[in-house]
Amino acid sequence: MSERRIAVVSAGLSNPSSTRMLADRLAAETAKALHEQDIDVKVDVIELRDLAHDITDNLLTGFAPPALETAINTVVSADALIAVTPIFSTSYSGLFKSFIDVLDPDALTGKPVLIGANAGTPRHSLAIDYAIRPLFAYLHAEAVSTGVFAASSDWGGAGDEVAPLAKRIEKGAKELAEAIVRRGAAEVVDPYDPATYLGEGRSFGHLLGGLAGE
């Protein structure tokens, strides 16, 4: 059985939060869809509220503290990303955007992404398509067509009866699982391997020889 790794970024501010609940359900449903295709799954959840100070420090100094660096590496090296943010003032939260800003602009190129968002009212459901999706398009990530929005009513008995939250989660998760399978496993790059920055088949000897005019 092959294995895939999914990074889950939750930008909820409270603990517990509906943002984290949505993130956990999206991850669980995606893992279920992959297991059905005999693919094992490792899920790494990143709570941005725990990294808020580190993210601010990185924006001010340009250097990531160890915990933030670990989170960044987890996202960059994952086979796919589930990104969930609360909606504030009709768009993603500042904490969510700040985390995206500390990533290398090319870090998410080609990476399958499932977008999730939550807010108090269904009126903000379009924020996924007019605010969050363009952000990932700019980063050349491959966001699946279904974004999953959850209003407060979706967690109770007064949710959307035509397209219940559970059905939307299932649809988005299946699309992400299909995208993961199509893309194949992410290549693990060793940053200390000379081939990473010198080119395949080359070593420091080639570099020194070139500098010496050989």
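- Partners of Glu142 under the side chain to side chain contact (heavy atoms under 4.5 Å, CB included) rule, at least two apart in sequence or in another chain, do not exist in this structure.
- Pro122 approaches Phe149 most closely through the heavy-atom pair CA-CE2, 3.9 Å.
- The distance from the CE atom of Met21 to the CG atom of Asp154 is 11.0 Å, given to the nearest 0.5 Å.
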Verify side-chain contact (heavy atoms from CB on, under 4.5 Å) between Thr30 and Leu114, making sure each step is shown before the conclusion. CA-CA 10 Å; Thr30 303; Leu114 173 56; 4.3 Å; yes

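- Between Lys42 and Glu3 no salt bridge is recorded (no basic side-chain N to carboxylate O distance below 4.0 Å).
- With rounding to the nearest 0.5 Å, the separation of CZ in Phe63 from CG in Asp54 is 14.5 Å.
- Residues Asn15 and Glu47 fail the side-chain proximity criterion, which asks for heavy atoms closer than 4.5 Å.
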Report the C-alpha distance between Val9 and Phe99 in whole Å, list the side-chain angles of each, state the deciding distance to 0.1 Å, and finish with yes or no for side-chain contact (heavy atoms from CB on, under 4.5 Å). CA-CA 10 Å; Val9 171; Phe99 178 72; 4.1 Å; yes

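- Side-chain atoms of Arg4 never come within 3.5 Å of backbone atoms of Ala31 as a donor-acceptor pair (strictly under, hydrogens ignored).
- Taking a cutoff of 4.0 Å between a charged side-chain nitrogen and a carboxylate oxygen, Lys174 and Glu170 qualify as a salt bridge.
- Distance alone, capped at 3.5 Å, is enough to place a donor-acceptor pair between the Asn73 side chain and the Glu69 backbone.
- Without hydrogens or angle criteria, Arg183 side chain to Gly110 main chain gives a donor-acceptor distance under 3.5 Å.
- For the pair Ile46/Val75, a side-chain contact is recorded, criterion being any heavy-atom separation below 4.5 Å from C-beta on.
- With respect to Glu29 and Arg25, no salt bridge is recorded, no charged nitrogen being found less than 4.0 Å from a carboxylate O.
- Listed here is the closest heavy atom pair of Ala150 and Leu22: CB-CD2, 4.2 Å.
- Counting only distance, with no hydrogens or angles, the side chain of Asp79 and the backbone of Arg5 share a donor-acceptor pair below 3.5 Å.
- Counted by atom type alone, Asp44 and Thr74 present zero donor-acceptor pairs between their side chains at under 3.5 Å.
- At distances below 3.5 Å, not a single donor-acceptor pair connects side-chain atoms of Ser17 with backbone N or O atoms of Leu13.
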Show your working on side-chain contact (heavy atoms from CB on, under 4.5 Å) between Val102 and Leu59 and close with a plain yes or no. CA-CA 7 Å; Val102 303; Leu59 291 171; 3.7 Å; yes

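- Ile115 and Leu126 fall into different hydrophobic clusters, where Ile, Leu, Val, Met, Phe, Trp and Tyr side chains are chained together by heavy-atom contacts under 4.5 Å.
- The two residues Asp104 and Asp106 make their nearest non-hydrogen contact at OD1-N, 2.8 Å.
- Side-chain heavy atoms closer than 4.5 Å link hydrophobic residues (I, L, V, M, F, W, Y) into clusters, and following such links, possibly through other members, connects Ile180 to Val43.
- Arg133 contributes a side-chain N or O that, together with a main-chain N or O of Ser145, makes up a donor-acceptor pair within less than 3.5 Å.
- Here the CZ-NZ distance, from Phe88 to Lys97, works out to 16.0 Å after rounding to the nearest 0.5 Å.
- Each of Ile100, Thr85, Ile55, Leu51 was checked for a side chain to side chain contact (heavy atoms under 4.5 Å, CB included) with Leu95, and the lone residue meeting it is Ile55.
- A donor-acceptor contact closer than 3.5 angstrom is absent between the side chains of Thr146 and Arg168.
- The OG atom of Ser14 sits 11.5 Å away from atom CZ of Arg20, with the distance rounded to the nearest 0.5 Å.
- Nearest heavy atom pair, residue Gly12 against residue Thr19, reads N-CG2, 3.6 Å.
- Remark: side-chain polar atoms of Ser10 are not paired, donor with acceptor, to backbone N or O of Val84 under 3.5 angstrom.
- In this structure the side chain of Val181 reaches within 4.5 angstrom of the side chain of Ile39, judged on heavy atoms.
- Remark: Tyr130 OH is packed, more than 12 non-hydrogen atoms of other residues, nucleotides or ligands lying under 6.0 Å away.
- The shortest distance between side-chain heavy atoms of Leu34 and Asp40 does not fall below 4.5 Å.
- Summarising the geometry of Ala141 relative to Val113, their closest heavy-atom pair is CB-CG2, 3.8 Å, with the distance given to 0.1 Å.
- For the atom pair Leu176 CG and Lys171 NZ, the distance stands at 13.0 Å (nearest 0.5 Å).
- Remark: the backbone N or O of Ala52 is paired with a side-chain donor or acceptor of Thr56 at under 3.5 angstrom.
- In terms of heavy atoms, Phe96 sits closest to Ala11 at CB-CB, 3.8 Å.
- Between Leu165 and Trp155, some side-chain heavy-atom pair lies under the 4.5 Å cut-off.
- Tracing side-chain contacts under 4.5 Å through hydrophobic residues (I, L, V, M, F, W, Y), one never reaches Val8 starting from Leu68; they form parts of separate clusters.
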Are Val41 and His35 close enough, and set up right, to give a side-chain contact (heavy atoms from CB on, under 4.5 Å), and what steps lead you there? CA-CA 7 Å; Val41 182; His35 285 149; 4.2 Å; yes

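- When hydrophobic clusters are built by joining Ile, Leu, Val, Met, Phe, Trp and Tyr residues whose side-chain heavy atoms come closer than 4.5 Å, directly or via intermediates, Leu48 is grouped together with Ile132.
- Each of Ile87 and Val148 belongs to its own hydrophobic cluster when Ile, Leu, Val, Met, Phe, Trp and Tyr are linked at side-chain heavy-atom distances under 4.5 angstrom.
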